[in-house]
2 protein chains.
Amino acid sequence: MARGGREGSDGSDRADAPAADESDEVTELAAELRRLLLVSSRILRSHTASEEVSASQFSVLAFLQRSGTSTPGALADFEHVSPPVMTRMLGRLEEAGLVRRSAHPGDGRQVQVALTDSGEQVVLQGRAERDAWLRRRLQAAGPQERRTLREATALLRRTLVERRD
Amino acid sequence: MARGGREGSDGSDRADAPAADESDEVTELAAELRRLLLVSSRILRSHTASEEVSASQFSVLAFLQRSGTSTPGALADFEHVSPPVMTRMLGRLEEAGLVRRSAHPGDGRQVQVALTDSGEQVVLQGRAERDAWLRRRLQAAGPQERRTLREATALLRRTLVERRD
DNA sequence: TATTGTTATACTCTATAACTATA
DNA sequence: TATAGTTATAGAGTATAACAATA
C-alpha cells in the first residue's frame with residue numbers, strides 16, 4: 001500500500017487542498033470499491049436468483065410487499081433503473097402472475113401496481129431461502145465484523161445511493 | 001430453508017446457538033446488504049462506463065495492465081464470470097484492438113491474452129476519469145468515513161468474494 | 001407544455017449445454 | 001479421461017429515442 005510520505009510535506013498545507021497522500025488514498029479506495037461492487041454484485045446475483053424470479057425482480061416484489069402499492073415511476077426511482085426497464089420488469093412479473101397493474105384513481109397517466117396473492121407468496125416464502133447464502137457468510141464473519149458492515153452499509157447508501165448531484 | 005422459528009427462544013441457550021436477536025440482526029443485515037449491492041452496482045456501472053469500454057471490460061483491461069499477461073480461464077476466475085462470458089468479452093476487446101490473443105507456449109490448450117498498446121492507453125488514460133464520480137463522493141464523505149469504508153471493503157471481499165464453499 | 005408510461009431499438013451481461021483441441 | 005477454450009442458444013439487464021395519453 002506504499003503510501004510513503006507525510007501530508008503537507010511539500011509545503012502546501014492549506015486545509016482545503018487535499019494533500020497528495022489523501023488524494024492517493026481516495027483514488028485507491030475508489031478503485032477497490034468499484035471492483036468490489038462489480039464483482040460482489042455478480043456473485044450475489046447468482047446466489048439470490050431462483051427459478052421463479054431473478055434478484056432484480058425479487059427486489060421489486062419485496063418493495064411492493066412492504067409498501068402495499070406503488071407506481072412504475074416510483075419503482076424505477078427506488079430501484080435506480082430507467083422507466084423502460086421497469087416497464088419490462090413489470091411486464092414479466094405480470095405475465096408470471098405475480099403483480100397486477102390497474103388504473104390509478106385520480107390520475108389517468110399513472111398506473112397502480114400491486115402484488116397478487118401469488119406474488120405475496122413468492123416474497124414471503126422466498127425471503128429466508130434467498131438470503132441464506134449471504135446469512136451464512138455474515139454469521140461466519142462474527143459480531144464485530146457485522147458491526148463494521150452495518151456501519152458501512154448505511155454509509156455506502158448515503159454516499160453512493162442517496163446523494164443527488 | 002425454513003429453519004423452524006427462532007433459535008434459542010425455547011430456552012436452549014448454548015453459546016453456539018445464536019440467540020433470536022442475533023439471528024434477526026443477521027437476517028436484516030443480509031437483506032440490506034443484498035439490496036445495497038444490487039442498487040449501487042447499477043449506479044456505479046452507469047457512472048463508470050464510457051463510450052470506449054463498459055465497466056466490466058475496463059476491469060479486464062485494468063487487470064491485464066497490472067498482471068502483464070493472463071489466460072481466459074484466469075480472467076474468468078478473477079472476474080467471477082463463466083468461461084463463455086469471458087470469451088465474449090475478450091472477443092469484443094480484441095475486435096476493438098485493445099487486447100491480443102496468442103498461442104500459449106508449452107500448453108496448446110491455453111491462450112495467452114495481453115494488452116495492445118492501444119489497450120494500455122485506454123487503461124492509463126481512463127483510470128482517473130472513470131473513478132472521478134466515485135472519488136468525488138468519497139472525498140465528500142470525510143476521512144473517518146473513508147476509514148470505515150476501507151475496513152468494510154476488505155471485510156466484504158473476504159466475506160463475499162474470497163471465501164470458497 | 002410537462003408528466004407518466006409504453007414501445008421500439010440496440011446493446012451488454014449472464015448462464016448452461018454442446019463441441020473442439022490438447023494434455 | 002480431464003482440462004481450456006469456444007460456439008450455440010437463450011434470456012435478463014440496461015439505456016436512449018420516439019411515441020401516446022393525460023394533466
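Chain naming here is simple, since letters A, B, ... match the order of the sequence lines and numbering starts at 1 in each. Worth saying up front: this structure is predicted, and the values here are computed from it rather than measured.
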> When you check the phosphate oxygens OP1 and OP2 of dG5(D), does a side-chain N or O of Thr87(B) lie under 4.0 Å from one of them?
Replying inline: no
Self-check item: Modelled atom types, side-chain donor and acceptor of Ser23(A) and Arg135(B), under 3.5 Å
Solution: no
When rounded to the nearest 0.5 Å, the distance separating OG1 of Thr48(B) from CD1 of Ile43(B) is 11.5 Å
Sorted by number, residues from residues 88-99 of chain A placing a heavy atom under 4.0 Å from DNA chain D are Arg88(A), Met89(A), Arg92(A)
Atom CG of Asp107(B) and atom C1' of dA4(D) are separated, to the nearest Å, by 8 Å
*asked:* Under 3.5 Å, is there a donor on one side chain and an acceptor on the other for Gln57(A) and Glu52(A)?
replied: no
If you measure only the distance, is there a donor-acceptor pair under 3.5 Å linking the side chains of Ser56(A) and Arg42(B)? yes
Of the candidates dG5(D), dT6(C), dA21(C), the side chain of Pro72(B) sits closest to dG5(D)
Separation of dG5(D) atom P from His104(B) atom NE2, nearest Å, is 8 Å
### Task
I would like to know whether Arg101(B) and Gln112(B) meet side-chain contact (heavy atoms from CB on, under 4.5 Å); could you show each step before the answer?
CA-CA 6 Å; Arg101(B) 282 190 264 207; Gln112(B) 260 191 336; over 6 Å; no
Here the residues of residues 43-59 of chain B within 4.0 Å heavy-atom distance, strictly under, of DNA chain C are Arg45(B), Ser54(B), Ser56(B)
Within the 4.0 Å heavy-atom criterion, would you say Val111(B) contacts the bases, only the backbone, or no part of the nucleic acid?
sugar-phosphate
Whichever of Pro83(A) and Met86(B) has the more 5' nearest nucleotide on DNA chain D, that residue is Met86(B)
From CD of Glu79(B) across to P of dA15(C) the rounded distance in Å is 12 Å
Rounded to whole Å, CG of Asp77(B) lies from C1' of dG5(D) at a distance of 13 Å
For the residue pair Arg35(A) and Phe63(B), would you count it as a cation-pi contact if the rule is NZ or CZ under 6.0 angstrom from the ring centre and within 45 degrees of the ring axis? no
| task | For atom CD of Glu151(B), decide whether the heavy atoms of other residues, nucleotides or ligands shown that lie under 6.0 angstrom number more than 12. | result | yes
Using a 4.0 Å heavy-atom cut-off, does Pro84(B) contact any base of the nucleic acid, only the sugar-phosphate backbone, or nothing at all?
base
Of the candidates dT16(D), dG5(C), dT3(C), the side chain of Gln110(A) sits closest to dG5(C)
**Q.** Side-chain N,O (Thr71(A)) to OP1/OP2 (dG5(C)) below 4.0 Å
**A.** yes
Between Arg42(A) and Ala74(A), the residue closer to the 5' end of DNA chain C by nearest nucleotide is Ala74(A)
- Item | Cation-pi, Phe58(A) ring and Arg34(B) (6.0 angstrom, 45 degrees) | no
Q. Do the side chain of Thr116(A) and the main chain of Leu98(A) share a donor and acceptor less than 3.5 angstrom apart?
A. yes
- Query: Does a nitrogen or oxygen in the side chain of Arg109(A) sit under 4.0 Å from OP1 or OP2 of dA2(C)?
  - Reply: no
To the nearest angstrom, the CD-P distance between Gln112(A) and dT6(C) comes to 13 Å
